[in-house]
Amino acid sequence: MTTDANGSNPPARYDAAFANRIEPEWQRRWAEAGVFRQANPGEAGFDGAKPKFYCLDMFPYPSGAGLHVGHPEGYTATDIVCRYQRMRGKNVLHPMGWDAFGLPAEQYAIQTGVHPAETTRKSIDNFRRQLQRFGFSYDWDREFATIDEGYYKWTQWIFLKIYNSWFDPQQQKARPIGDLVAMLEGGECGVSAWGELVSREGARGTQAFTGKPSDVRLWHELTTEERRGFLDSQRLAYLDEQTVNWCPKLGTALANEEVKDGRSERGSHPVYRKPLRQWMLRITAYCDRLLQGLEGLDWPESTRAMQQEWIGKSVGAEIDFEVEGRDEALRVFTTRPDTIFGATYMVIAPEHWLVDEMLDEPAGETDAAALRAYVEQARNRSDVERQEAKEKTGVFTGLYAVNPATGARIPIWTADYVLTGYGTGAIMAVPAHDERDFEFAQKFGLEIRDVVYPRALQLVSFYAHHMTEDEKADDEKWKKTLADFMGLCTTVDSDPELFGPVLGAVRERRREQQTAGLTAEQAAEKGHIGSRGSISGEYIVSIESLGAKDGQALEDLFAGGGYWRRRGEAFTLAGVCVHSKNAEVSLDGLGKAQAIERITGWLEKKGIGQEKVNYRLRDWLFSRQRYWGEPVPIVFDEQGDHYPVSEEALPVTLPPMTDYQPAESDDPQPLLAKAGAWVRTTAGDAGVDEDTLRPETPVRRETNTMPGWAGSCWYHLRYADSQNAERFVGEEAERYWLKDGVDLYIGGAEHAVLHLLYARFWHKVLFDLRLVSSDEPYRKLFHQGMILSHAYQRKNKTLVPINEVDAREDGTFVERATGEAVTQIAAKMSKSLKNVVNPDEVIAEFGADTFRLYEMYMGPLEATKPWDTRAIAGMYRFLQRAWRLAIDESTGNVRDGGGSDDAELEKLLQRTIAKVGDDIEKLSFNTAIAAMIEFVNAALPGDGQSPRLSVSQLERFVRTLAPFAPHLAEELWSRLGQEGFVSEASWASYDPAMLIDDAVEVPVQMKGKVRAKLLVPADLDAEGLKAAALADPKVIEFLAGAKPERVIAIPGKMVNIVL
RNA sequence: GCCGGAGUGGCGGAAUGGCAGACGCGGCGGAUUCAAAAUCCGCUGCCCGAAAGGGCGUGGGGGUUCGACUCCCCCCUCCGGCACCA
């Protein structure tokens, strides 16, 4: 323990007891004076001349376990930045609040019957108490929780805004659904037979090539139900029956993002696929904007990459394949339309509509029983099982399609390696150029036809196609001709168009030994070939390695297209097209990009295909079958049609429950369905607009609630004006604080995809509806690293709790129970490993200032780093020294060095101020602290010496330290007789001229080592420096009379003498 | 497999083309103390050497450069993410 029981410490020493006395006191004074209260534009005390700085911490979920040491890491970082920015004269918005809906409180309610609100409020109070003990400079007046009615009212309001919007593909933005109605009523556009929005002429916004203009129906041609159905299908929030990720253990469906390797992200429980009618948010409409928006953001590269991958844009084509005996075409998506000549079969997902039709009405060759069995099995397999099964499976559907490029009749299979929900759920399989298709084709004996070769093989292929009978017969002749041909083509890198003439020329030359028939360039090259016997030989060796023993074999291999099949793997890289020609179009000889362009053009002309962009991102599953979440403000009438609750009637609050036990059922039922009286109500009681539904109409409330992410999608907006009862955020406050988004957002990388993607999506919708002024919510994002703790590992990699291990004299560790040697490692803190560090205890032992400093000093903010309790003492000692710099430990008086300002120390102080400021802006807190330690170590004399710093110097240092150790700084500030709070002081200034030295020490390097150092004027030029180096006695001694070969002198930096 | 990040003393780390190891922990020695804790002062990359000094040294191999932890190529290891996405 660092506190002294005997009281023999000097009376005015900075110790833990003292820190624990002054820290709460300063926190009290700050709160009393409202030091960190930040006024909004238009309010008293707001200074519009100051620039704004909005600094946000990621919304914490207040768990029952309280704060762990990872929380204060990010919070201390933002606090330092905020305190610094305030001192630099900015209006700083630095809020804190609680993301408080969610499963843990509900699961606790299931076990104990305690209402989740009660548990959650308790946790919030505990979190707040813990956070406040750190002295963070939050504006607590802006605090709120997502479970506050005054907050989730607006969460529901935003949901309704989304519900009442559609995405205009022309303008690429959300618009009120009323605009769409107006457009339809005006006859500008209509509805296609496929239920898509199309312009009057039938040219469509979305997908297009099979539509016929005659299919388009105008608004007045639709029935009321058809109109309603169409509008509902266009909403950004829509109901859809779809296969969801059902997690029985959690009793709810999960969004794709919440599923990892077939298990739930939270708790790692298995997930099954189940059809459910659910609310979906049309985030996919924003794919392109979410992708493009990333480019202007100051975000970690890794997070941008993760979002890009998650959105997963891929450019390709959609192509319709005719199906034998059916009118309707089978549409596929492919990124490699250039390989269409190699499409030898097709695969559709087991959930594909065509499979369902085959089960109803089997075709002649359909083995209905086998098909049914396969589909059943695919459906019931959980995602875990699907992923574990490496071996390809599938069944022939009995149907055949026609490859539009080759005219070949190709079988249609179903297999679960084709996913429903990506692309069209159907593919053209090109086994020669796709690993999955290759594997499948190998297993089921399907044709493999290669249509892309690497460049060298393309030449072999060309030759195989054009071999003369004469050459084929002669074992040596074909090889030599081919070798010459390849050598010539590869040396001049000739175009495929020239292959014919070049081959002709090679034959000519071999026959006549002349140059006739070649271009001038080729003739020049020809001479080389002849003289390069060895190179020709190398070609022959590689030709032989292809395995063709004679000309006939070569022809079989290449003209027959069997090469890759024999090679045993697919060639998936870009290459040159071969065997890709029909009467209308030829891709032969083209590279990938050109081939894609040409074939897509051909498909478009034929009306059977077009370019298409696909995204991996799916729409956001927004319904949860839980109690503890925001109710969805929607009701259903007896027909099952849905109606929004009017804005005036918000919030829709949760009904009280007697038990929280999920209803056991094969059909997943939302928990709220049990609240019968709440669920069954009338339109009037539920607050539906009278114009929409007569008040006495019986309605059923939506019983699904919103997912945990909903509340965190817009909290950054609410903080700007958190007490506003009229609007989700005041317009002026929003425009001021959210201009260009949040200026610094710090939180864990675990939210890289989920929260950050959803929040960006909501923000963009609100932007489109002109409800916010910026397009992106978070301009600069930073992830703090994880803080690990010690743990011990057995040889078999299992972990041992720290209280079951003994340290031995020699520095090794053994498990007490078994005596087995274990190694010390760093691992995540966990209850089971007994290595959780409790911040409250650390503060009790050292004080909050020491804790703050320690976490910032551990290493770079973004790094994962191990907690080392012993190392905290270093920061504690530093603060003690800083204290002693200003205060006499025995008397408590200020140690005023008077007017004896030491020029060197003054220079060092100013440099320290400059470096600390720069480092804070770079979020490089560890080096900032190191600089302050150096200053203190330099300024603090050994025992008994008189103080060396003046009060002016001391107070400037205190201001520099203040963002890091604010309590100690306030105490010193007041003892130094300064006015007001150091928290409200301005940042110390420095003279840039002080940062430049008059004289510098320049190292002299010889034979790769520093051999001497020169003290020279900083502005000494290269010649002078060189002369000074050569005149230095140590240099002369090292040279020992040898003459330097070269002397490099970089003024102010270094001299290198090369021997 | 693909994408992103990292590899420097016993440990956390600093240095982004110019003196490798700032600063902190730990360790060693000393002061203070009856003694200890706390605090303070000094030393502390490794090897050879009594010392002066010398050699080696930033995951491994190669390259560029007067000069490389830093830039380029290849490889290894660890961490994070994605993964039948056509």
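Lettering follows sequence order; numbering is per chain, from 1. Note that the structure is a prediction, hence the values are computed from the model and not measured.
Of the residues near RNA chain B, Glu301(A) and Met858(A), the one whose nearest nucleotide (by heavy atom distance) lies more toward the 5' end is Glu301(A). Annotation: of the two residues near RNA chain B, Val1058(A) and Arg13(A), the 5′-most nearest-nucleotide partner is Arg13(A).
Spacing between atom CD of Glu862(A) and atom P of G4(B) amounts to 18 Å, rounded to whole angstrom units. Put simply, CD on Glu309(A) is 8 Å from P on G4(B), counting in whole angstrom units. In this structure, Lys828(A) places its NZ atom 12 Å from P of C79(B), rounding to the nearest Å. Rounded to whole angstrom, the span from the NZ atom of Lys313(A) across to the C1' atom of C82(B) amounts to 20 Å. The CG-C1' distance, from Leu757(A) to G81(B), rounds to 15 Å in whole Å. With rounding to whole Å, His433(A) atom NE2 is found 17 Å from A86(B) atom P. For the pair Lys1034(A) NZ and G53(B) C1', the computed distance is 11 Å after rounding to whole Å. For Glu1045(A) and G67(B), the CD to C1' distance is 14 Å, given to the nearest whole Å.
When Watson-Crick and G-U wobble pairs are counted only if both distances are under 3.5 Å, G49(B) pairs with no nucleotide at all. Pair assignment for G26(B): U44(B), on the basis of Watson-Crick or G-U wobble contacts that are both within less than 3.5 Å. With both pairing distances under 3.5 Å, C69(B) is matched to nothing as a Watson-Crick or G-U wobble pair. Of all nucleotides present, none satisfies the Watson-Crick or G-U wobble test against U32(B) with each distance under 3.5 Å. For G1(B), the paired nucleotide is C82(B), the pair qualifying as Watson-Crick or G-U wobble because both relevant distances are below 3.5 Å. The partner of G7(B) is C76(B), judged by Watson-Crick or G-U wobble contacts that both fall below 3.5 Å. The base-pairing partner of C19(B), taking Watson-Crick or G-U wobble contacts with both distances under 3.5 Å, does not exist among the strands shown.
A distance of about 27 Å separates the C1' atoms of C23(B) and G67(B), rounded to the whole Å. Taking atom P on both nucleotides, U8(B) is separated from G61(B) by 16 Å, rounded to a whole Å.
Counting heavy atoms of neighbouring residues, nucleotides and ligands inside a 6.0 Å radius, atom CD of Glu435(A) does not exceed 12 of them. Other residues, nucleotides and ligands place more than 12 heavy atoms under 6.0 Å from the NZ atom of Lys443(A).
The two residues Val936(A) and Arg881(A) come nearest to each other via the heavy atoms CG1-CB, 3.7 Å. Nearest heavy-atom pair, Ala432(A) versus Arg449(A), reported as atom, atom and distance to 0.1 Å: CB-O, 3.3 Å.
Residues satisfying the side-chain contact (heavy atoms from CB on, under 4.5 Å) criterion with Ala930(A), sequence neighbours excluded, are Tyr857(A). Asp1021(A) is linked by a salt bridge (Lys or Arg N to Asp or Glu O under 4.0 Å) to nothing, counting only residues two or more places apart in sequence or in another chain.
You'll find the side chain of Val1000(A) reaches within 4.5 Å of the side chain of Val1016(A), heavy atoms only.
Across all strands, Ser314(A) comes closer than 4.0 Å only to sugar-phosphate atoms, never to a base (heavy-atom distances). Residue Pro300(A) is classed as having no contact, given no heavy-atom separation below 4.0 Å to the nucleic acid.
Annotation: cation-pi pair Lys392(A)/Phe440(A) absent, no NZ/CZ under 6.0 Å from the ring centroid and within 45° of its normal.
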Where protein sits on nucleotides 17-26 of chain B, one letter per nucleotide: B base, S sugar-phosphate only, - none, heavy atoms under 4.0 Å: -BB--BBSSS

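Using a 90° window around 0 for the glycosidic torsion, G9(B) falls inside it and is classed as syn.
In this structure, of U39(B), C82(B), A86(B), it is C82(B) that holds the atom nearest to the side chain of Trp310(A).
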